Number of protein chains: 2
Amino acid sequence: MAAKQFIQELEEQRRDELIRATYHEVAEKGYSAVTLQDIATRAGVSKGSTLYYFASKEDLFLAALEWMVVHNHARIRRAVEAVDDPVEKVRAAIASIFANAQESRQFFLAYSDFVSIGARNKRFHDLNARFYHGCSGIDREIIELGVSTGAFRSVSIDDASSMSRALIDGLMMQWFFSSEITFEEYRRRCERIILDYLTV
Amino acid sequence: MAAKQFIQELEEQRRDELIRATYHEVAEKGYSAVTLQDIATRAGVSKGSTLYYFASKEDLFLAALEWMVVHNHARIRRAVEAVDDPVEKVRAAIASIFANAQESRQFFLAYSDFVSIGARNKRFHDLNARFYHGCSGIDREIIELGVSTGAFRSVSIDDASSMSRALIDGLMMQWFFSSEITFEEYRRRCERIILDYLTV
DNA sequence: ATTGTTTGACCGACCGTTCAGTTTATAATT
DNA sequence: AATTATAAACTGAACGGTCGGTCAAACAAT
């Protein structure tokens, strides 16, 4: 049993390696430019092996998207839960999202690809839609907490969470395409605008 | 000369047909799924002809991106210039952007592809960056006008235009991936949030 | 006849997927 | 303990198909 458990862990580890390799390859080259050979080479296995663990290229990429979104969300959530005050929660979420230019860049690169695939592929679209809500880290609960404690003005909760999410996504894209100001400045701008909108 | 002029117009027309065909094909199938044959067929010419007018697939796609962005921007600009009051200008821009769900969908589909290409291809990136500023239609001049006439509160002009643009992009994406509320409701939400942020 | 335009067959490269077979690890048997 | 059997893990060659780009020939216009 212990052996079997061990085997399963190894298997899980292999899958994880392949998923990480996929993520990095997609971030680097873009979805359609990445070949199974690229991924296999990066993960240190053969092309045949990758299709031993994932039935198809699409399955592997789908797993990579899920992995990427789940990990990202978990990271932000941890940062948010570390503080109590609703304003600080918002600050923590934004700080977490704009923590590292290099990582944000990678995430944006991979995610923009998955968005454009999700626009036409039902499986990717559904996965995107499933993870979209609250994925900014500034969830409904935070807004509700802020309103109930009087820290936020009582703007519609839907508007507030929609606004936060949209602003983060939109500013990420601006940062990516216009190199006028620094990543750090975009972080400050994001915090400023969102808190300006939320607070009294 | 008249004949030559006529020829040139015909040539220009061919190029335009190819560009439109490219735009529609990309919106439908996605950049990497579209083949030169697809475009040629839609435009009613042969693949060879396509490459007679555009040196490469990349050149054609680049022209399509430029066409798409320029036309979109011009359309919004016309709507904005039709009214005088800064608040009405903002309303007009948003109304123009959220005018037609079908067209917005097409635009989003094509543009999301070009974004992900622009993330790695310098030519596409540069084109994106060049057209990015003021492309939301809520340009700096509108903000300045609003502030000077007292219609807007004197928030930083950079923040205000950044915010408008980001919100429009972000809400478009939300609309695309979460079908909870209608396109029309997203339009209203967009207007509400932006004007709430801009006005006193 | 010359120049410009159009075509479709063709080439070479590429890539996802399959598969027959090898290696490795575990279990069974002697 | 040594050997064999069995299944899982893994490999790389090969296949079938696609696609961007080339080109020689055909066609049209002046």
Side-chain angles (χ1 to χ4, degrees), chain A residues 1-23 25-26 28-65 113-114 117 120-121 123-124, chain B residues 1-23 25-26 28-65 113-114 117 120-121 123-124:
Chain A
M1 286 127 261
K4 195 140 205 172
Q5 180 73 19
F6 182 66
I7 295 299
Q8 281 185 354
E9 274 172 24
L10 266 184
E11 186 178 315
E12 208 47 49
Q13 194 179 321
R14 260 300 136 79
R15 290 174 63 89
D16 200 61
E17 274 168 20
L18 284 167
I19 286 173
R20 284 169 192 268
T22 305
Y23 170 66
E25 287 292 321
V26 171
E28 201 172 292
K29 299 170 188 163
Y31 181 89
S32 54
V34 172
T35 69
L36 287 175
Q37 187 61 63
D38 291 337
I39 296 166
T41 303
R42 184 186 277 257
V45 294
S46 74
K47 190 166 62 158
S49 248
T50 63
L51 287 165
Y52 177 78
Y53 285 103
F54 294 91
S56 68
K57 188 185 183 183
E58 188 177 301
D59 281 359
L60 173 54
F61 279 63
L62 218 42
L65 172 58
D113 260 31
F114 285 127
I117 300 161
R120 287 161 205 97
N121 181 309
R123 295 176 74 196
F124 280 91
Chain B
M1 279 132 263
K4 194 142 206 171
Q5 180 75 20
F6 182 64
I7 295 297
Q8 280 184 353
E9 274 172 24
L10 267 185
E11 186 178 314
E12 208 47 50
Q13 195 179 321
R14 262 299 139 81
R15 291 173 62 88
D16 200 60
E17 275 168 20
L18 284 167
I19 286 173
R20 284 170 193 267
T22 304
Y23 170 67
E25 286 291 322
V26 171
E28 201 173 292
K29 299 171 187 162
Y31 180 89
S32 54
V34 172
T35 69
L36 287 175
Q37 187 60 63
D38 291 337
I39 296 165
T41 302
R42 184 186 277 256
V45 296
S46 73
K47 190 168 67 158
S49 251
T50 306
L51 287 164
Y52 176 78
Y53 285 102
F54 293 91
S56 68
K57 188 185 182 183
E58 189 177 298
D59 281 359
L60 173 54
F61 279 62
L62 219 43
L65 172 58
D113 259 30
F114 285 127
I117 300 160
R120 286 161 206 98
N121 181 309
R123 294 176 75 194
F124 280 91

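The sequence lines fix the lettering, A, B, ..., with proteins before strands; numbering per chain opens at 1. What you see is a predicted model, and the numbers here were worked out from it, not measured in a lab.
Residues B/Thr50 and B/Leu18 have side chains in contact (heavy-atom distance under 4.5 Å, counting atoms from C-beta outward).
For the atom pair A/Leu65 CG and A/Thr22 OG1, the distance stands at 11.5 Å (nearest 0.5 Å). Here OH of A/Tyr53 is found 10.0 Å from CD of A/Glu12. Values are rounded to the nearest 0.5 Å.
Within residues 55-62 of chain A, the residues having any heavy atom under 4.0 Å from DNA chain C are, by residue number, A/Ser56, A/Lys57. Of all the residues in residues 34-45 of chain B, B/Val34, B/Thr35, B/Leu36 reach under 4.0 Å from DNA chain D with at least one non-hydrogen atom.
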- Item | Derivation of the side-chain hydrogen bond (donor to acceptor under 3.5 Å, both in side chains) call for B/Thr41 and B/Asp38 | CA-CA 5 Å; B/Thr41 302; B/Asp38 291 337; 5.9 Å; no
- I would like to know whether B/Ile19 and B/Phe54 meet side-chain contact (heavy atoms from CB on, under 4.5 Å); could you show each step before the answer? CA-CA 10 Å; B/Ile19 286 173; B/Phe54 293 91; 3.9 Å; yes
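For the pair B/Gln13 CD and C/dT6 P, the interatomic distance rounds to 11 Å; values are reported in whole Å. In this structure, the NZ atom of B/Lys29 is 13 Å from the P atom of D/dT18, given to the nearest Å. Following rounding to the nearest Å, A/Tyr53 (OH) and C/dT17 (C1') show an atom-to-atom distance of 18 Å. If you take OH of A/Tyr52 and C1' of C/dG21, they are 15 Å apart, rounded to a whole angstrom. To the nearest angstrom, C1' of D/dA8 lies 17 Å from CG of A/Leu51. Here the P atom of nucleotide C/dG4 and the CZ atom of B/Arg15 are 16 Å apart, to the nearest Å. Distance A/Glu12 CD to D/dA9 P: 12 Å, rounded to the nearest Å.
Taking the side chain of B/Lys47 as heavy atoms from C-beta on, and the options C/dC10, C/dT7, D/dT11, the nearest nucleotide is C/dC10. When each of C/dT6, D/dA9, D/dT11 is scored by its nearest atom to the side-chain atoms of B/Ser49, the top-ranked nucleotide is C/dT6.
Applying side-chain hydrogen bond (donor to acceptor under 3.5 Å, both in side chains) to A/Arg42 and the options A/Glu17, A/Gln37, A/Glu28 leaves one that passes, A/Glu28.
Using a 4.0 Å cut-off, no side-chain N or O of B/Arg14 falls inside it from OP1 or OP2 of C/dT5.
Residues forming a side-chain hydrogen bond (donor to acceptor under 3.5 Å, both in side chains) with A/Arg123 (at least two apart in sequence, or on another chain): A/Glu58, A/Asp59.
Ring orientation note: the planes of B/Phe114 and B/Phe124 are close to parallel, at an angle under 30° on the 30°/60° scale.
Contact detail for A/Glu25 and A/Val34: the closest heavy-atom pair is O-CG2, 3.3 Å.
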